Amino acid sequence: MSLSNNELVFDFARALKKWLLILLVFFCFNTIGAQQSMQELRAAIELKEQHENRTSRDTVYITNLIDLANSLRFHNLDSVLLLSNKALKLSKDANFISGKALSHELLGNYYSDKGNSEKALENYNKALEIIKYNNYYTMKVNIYNSMGIEYLYNHKLSEALGCFMNSLEISKENESPHTLSDTFSYIGGMYNFYLNDYDQALYFFNEAKKIEEKEKGFIYYAALCNLADTYFKKGELDSALVHLTTSTKYFEKEGRYDWLLTNYATETGVFIKQKKIEEAIISLKKLENLHQDMQDSKSLTTMYKYKFDINLHLKNLVVAEEYAHKEYHLSKEIHLIDGVHSGLKNLYLVNREKGDFDTALKYHEMYQSLSDSLLKEDNRKNLDVLLAKVEYDEQKRKIIQENEIARAKQNRYIIIAVMVLCIIFCIVFLIWKNTKTQEKFNTQLRQEKEKLEKNELFLKEANRTKDKLFSIIGHDLRSPIGAFKGLLTLFKDKEIDEDEFISFIPKLEADLGGISFMLNNLLSWGRSQMNGDTTTPEVVEAKNLVTENINLLSEVARNKAIAMVNEVPSDACIWADGNQIDIVFRNLMSNALKFTDDHGVITIGGEEMEAAWRFYVKDTGIGMDTEAQEKIFIKNSTHTTYGTHNEKGTGLGLNLCKEMVQKNKGTIWVESALQKGSCFYFEIPKAKQVFKNVG
């Protein structure tokens with residue numbers, strides 16, 4: 001070998017640094033926001049420099065210089081140095097705080113890439129000092145992470161962990177999920193690539209994934225890619241494939257070929273370990289096609305390794321040995337110790353398979369020697385990590401102890417404050433309870449008052465009903481009953497003979513019919529006013545009700561020679577209380593007989609509507625004016641008029657009709673004109689409509 005084992009170990013650390021720096025750039029560009037392209041930045045800078053009025057205080061121009069330097073980091077380091085120094089000078093002239101800090105951060109990156117750790121850390125510390133008392137927490141996190149990577153390169157794990165822990169604390173204090181997930185990713189990368197502690201790496205990568213799970217942006221899928229690589233190294237191949245499938249779809253959609261390169265390589269390795277050679281060949285082909293545009297030497301060594309694995313499996317030993325040599329020599333060239341280690345092992349395996357045991361032994365001795373060196377390096381690194389953890393835990397313990405002392409002082413004040421608050425709370429509670437009791441008492445008083453007022457109204461209404469009943473009984477019933485009593489007295493005293501008495505019978509019959517009708521109305525109205533009349537709906541055939549009432553009122557109609565015509569359709573079935581609708585028809589028909597001249601016509605008919613039947617009672621009587629129409633349906637109205645034969649009513653009939661119709665979910669109205677007759681209408685729901693609603 002042309003390189004010593006110690007040199008290879010050192011070169012491995014340098015290769016690790018390259019990976020961590022690339023990771024830093026990816027996260028910076030994706031957490032802060034998508035950067036402008038280099039062409040756009042150059043155009044903006046050139047335009048600004050050509051402008052006559054450009055001054056050194058133009059912060060937009062300075063920011064463009066910084067962004068362009070960032071984008072050139074892995075393309076032209078000399079330009080990065082030139083642009084960083086220019087941005088720093090202009091930022092100082094303009095007292096542009098974030099510009100000065102970012103310029104020093106860029107200079108730190110430049111010296112880090114050049115291998116000058118001392119100058120790199122010096123500039124990082126200057127950047128932190130500039131923003132020490134400002135709220136640029138995202139910038140602070142990025143600088144601490146860059147310093148952590150630089151300390152890792154110099155094997156100072158304690159300092160590296162300290163920087164990463166500072167990043168974690170700043171992110172948590174400022175509740176910045178993106179910077180927190182970035183830091184978790186850096187720590188996970190340290191355990192995965194530097195310490196080979198895959199369980200710890202999985203923990204930190206999963207923490208980064210959880211934080212980004214809601215937004216599911218680039219960092220989330222980058223965490224999936226890192227998890228897939230860690231699961232692959234750990235030998236959990238199914239878990240690796242699950243994470244690969246999800247992240248690969250995203251990277252293909254977004255055109256992130258840099259991350260696709262890693263995914264395709266991991267996918268190829270998984271299939272090879274699973275002995276799925278056909279799938280491995282397909283994945284390797286995708287990796288090879290993508291690599292033609294990327295020109296990444298590290299991924300090229302991985303591709304040579306997988307080509308070796310596939311050809312060895314297929315027993316193409318000559319081709320396999322060719323790719324083992326390519327992997328070994330390219331890894332030496334780029335100082336990639338993992339690749340050198342893998343190449344030596346593969347050269348040993350293929351020569352052993354060919355039967356060339358001398359050559360196989362030579363490569364095995366080289367492989368074993370390098371393995372021993374790597375083992376020593378791993379042990380040293382593990383010891384460094386242990387010491388770093390102990391040191392960090394000790395620092396943390398001291399901080400916790402100091403915090404506990406301070407917290408004990410605060411607790412005394414808190415206890416006093418809590419006691420004062422408890423006293424205030426008790427006072428407020430007593431006031432609140434007293435207020436609630438008073439409100440409850442006032443509510444009860446209001447309810448009792450409302451109840452008394454309601455009872456008072458009920459009693460007044462009952463008294464009005466009683467007074468009206470007594471008035472009607474005293475005036476409207478006493479006269480016909482008195483006349484009947486006088487006639488009987490005359491017959492008893494033989495002041496009239498039997499023939500004369502018999503001649504009065506038709507008149508007596510008519511008077512008794514009127515008294516009976518009046519009493520029925522009074523009873524129905526009284527029950528309605530006293531809330532004692534319930535409505536029991538059923539299917540009612542309206543035509544039969546009209547026929548029965550025509551027969552009942554036929555004597556009155558004959559005495560006035562009035563024709564009563566029933567034009568209600570036979571299928572007019574309604575959903576209502578039959579007794580109440582019977583009262584409505586009887587009153588409207590009786591009312592029509594009362595106000596219709598001799599030889600008149602009364603027509604009772606019905607019309608089918610969409611959801612109801614509309615009935616009407618039309619007469620050719622004396623009619624009424626507008627004022628009378630407005631009064632007849634008013635509740636508790638005593639409006640009454642004598643009929644064409646001086647018939648006297650109670651004034652209850654139409655009021656009672658309105659109440660009965662409304663109880664059966666209907667409406668009633670009148671159309672009339674003087675000397676042209678009146679037509680009373682009322683609507684009641686159809687029977688079939690009700691059944692449909694019930695069903």
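Note that the coordinates shown come from a computational prediction; the quantities given were computed from them, not determined experimentally.
- Side chains of Leu349 and Tyr363 form no contact here, defined as non-hydrogen atoms less than 4.5 Å apart.
- The salt bridge (charged side-chain N to carboxylate O under 4.0 Å, His left out) with Lys210 is formed by just one residue from the set Glu212, Glu207, Glu213; it is Glu207.
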Going by atom type alone, with no hydrogens or angles, which donor-acceptor pairs under 3.5 Å involve a side-chain atom of residues 264-271 and a protein atom two or more places apart or on another chain?
{"unit_1": "Tyr264", "atom_1": "OH", "unit_2": "Glu252", "atom_2": "OE2", "d": "2.8"}
{"unit_1": "Thr266", "atom_1": "OG1", "unit_2": "Thr262", "atom_2": "O", "d": "2.9"}
{"unit_1": "Glu267", "atom_1": "OE1", "unit_2": "Ser283", "atom_2": "OG", "d": "2.6"}
{"unit_1": "Thr268", "atom_1": "OG1", "unit_2": "Tyr264", "atom_2": "O", "d": "2.8"}
{"unit_1": "Thr268", "atom_1": "OG1", "unit_2": "Leu284", "atom_2": "N", "d": "3.4"}

Checklist entry - Between Tyr203 and Asp199, does a side chain to side chain contact (heavy atoms under 4.5 Å, CB included) hold up when you go through it step by step? => result CA-CA 6 Å; Tyr203 169 78; Asp199 290 330; over 6 Å; no
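- By the 4.0 Å N-to-carboxylate-O rule, Glu129 lies too far from Lys126 to be salt-bridged with it.
- With rounding to the nearest 0.5 angstrom, the OH atom of Tyr306 is 15.0 Å from the CD1 atom of Ile281.
- The CG atom of Leu65 sits 9.5 Å away from the OG atom of Ser84 when rounded to the nearest 0.5 Å.
- Residues Leu83 and Leu106 fail the side-chain proximity criterion, which asks for heavy atoms closer than 4.5 Å.
- The shortest distance between side-chain heavy atoms of Lys345 and His364 does not fall below 4.5 Å.
- In this structure Lys209 satisfies the side-chain hydrogen bond (donor to acceptor under 3.5 Å, both in side chains) test with no other residue, sequence neighbours excluded.
- Side-chain contact between Met366 and Leu370 is absent, with no heavy-atom pair separated by less than 4.5 Å.
- The side-chain hydrogen bond (donor to acceptor under 3.5 Å, both in side chains) check on Lys315 picks up Glu353, with sequence neighbours excluded.
- Side-chain atoms of Phe308 and Val350, non-hydrogen and from C-beta on, do get closer than 4.5 Å to each other.
- His329 and His325 have parallel rings, their planes meeting at less than 30° on a 0 to 90° scale where 60° marks the start of perpendicular.
- Judged by distance alone, with hydrogens and angles left aside, the side-chain atoms of Asn116 form a donor-acceptor pair with the main-chain N or O of Lys119 at under 3.5 Å.
- Within the 4.5 Å cutoff, no side-chain heavy atoms of Phe205 are placed close to those of Tyr231.
- Here CD1 of Ile272 is found 4.5 Å from CD1 of Ile310. Values are rounded to the nearest 0.5 Å.
- With respect to Ser167, the side chain to side chain contact (heavy atoms under 4.5 Å, CB included) criterion is satisfied by exactly one of Asn142, Ile143, Thr179, Val141: Val141.
- Judged by distance alone, the side chain of Ser369 and the main-chain N or O of Glu365 form no donor-acceptor pair under 3.5 Å.
- Considering every non-hydrogen atom in both Ile211 and Pro177, the closest pair reads CG2-O, 3.2 Å.
- Considering all non-hydrogen atoms of both residues, Thr183 and Ser171 come closest at OG1-OG, 4.4 Å.
- Using cut-offs of 30° and 60° for the angle between ring planes, the Phe204 and Tyr191 rings count as parallel.
- Atom OH of Tyr133 and atom CD1 of Ile97 lie 13.0 Å apart (nearest 0.5 Å).
- Side-chain contact between Thr248 and Trp259: absent, with no pair of heavy atoms (C-beta onward) separated by less than 4.5 Å.
- Inter-residue side-chain proximity for Ile62 and Ile66 is flagged as met; some heavy-atom pair is nearer than 4.5 Å.
- Heavy atoms only, all atoms of each residue included: Ala208 and Ser185 are closest at CB-OG, 3.6 Å.
- Side chain of Ser247 to main chain of His243: a donor-acceptor pair is present (N/O by atom type, distance under 3.5 Å, no hydrogens or angles).
- Separation of the Tyr221 and Tyr250 ring centroids falls under the 6.0 Å cut-off.
- Checked for salt-bridge contact, Glu322 and Lys307 miss the test: no charged N lies under 4.0 Å from a carboxylate O.
- Between Glu321 and the options Arg352, Lys354, Lys326, a salt bridge (charged side-chain N to carboxylate O under 4.0 Å, His left out) holds for only Lys354.
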Checklist entry - So Tyr367 and Leu347, side chain to side chain contact (heavy atoms under 4.5 Å, CB included) or not? Walk me through it. => result CA-CA 9 Å; Tyr367 168 76; Leu347 286 168; over 6 Å; no
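- No close placement of the Tyr144 and Phe164 rings is indicated, their centers lying 6.0 Å or farther apart.
- In this structure, Lys362 does not pair ionically with Asp358, as no charged nitrogen and carboxylate oxygen lie closer than 4.0 Å.
- Using modelled atom types, one finds no donor on one side chain facing an acceptor on the other under 3.5 Å when comparing Glu327 with Thr301.
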Next on the checklist: Test side chain to side chain contact (heavy atoms under 4.5 Å, CB included) on Tyr328 and Lys305; report intermediate values, then the result.
Outcome noted: CA-CA 9 Å; Tyr328 171 69; Lys305 177 187 181 308; over 6 Å; no
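- The minimum heavy-atom distance linking Ala120 with Gly108 is given by the pair CB-O, 3.3 Å.
- Counted within 6.0 Å of NZ on Lys273, heavy atoms from surrounding residues, nucleotides or ligands total more than 12; the atom is thus considered enclosed.
- Looking only at atom types and distance, the side chain of Glu105 has no donor-acceptor partner in the side chain of Asn123 under 3.5 Å away.
- Across all their heavy atoms, Cys225 and Asn263 have their closest contact at SG-OD1, 3.0 Å.
- Using a 4.0 Å cut-off between a side-chain N of Lys or Arg and a carboxylate O of Asp or Glu, Lys234 and Glu236 qualify as a salt bridge.
- Taking CG from Leu344 and NZ from Lys332, the interatomic distance works out to 8.5 Å, rounded to the nearest 0.5 Å.
- Residue-environment remark: NZ (Lys140) exceeds the threshold of 12 foreign heavy atoms within 6.0 Å.
- Atom CG of Leu317 and atom CG of Asp356 lie 11.5 Å apart (nearest 0.5 Å).
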Item to check | Intermediate values then yes/no, side chain to side chain contact (heavy atoms under 4.5 Å, CB included), Asp78 and Leu82 | outcome: CA-CA 6 Å; Asp78 292 336; Leu82 178 66; over 6 Å; no
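- In this structure, a donor-acceptor pair under 3.5 Å is absent between the side chains of His104 and Glu122.
- Side-chain contact of Tyr124 with Asn109: a donor-acceptor pair under 3.5 Å is present, judged by distance alone.
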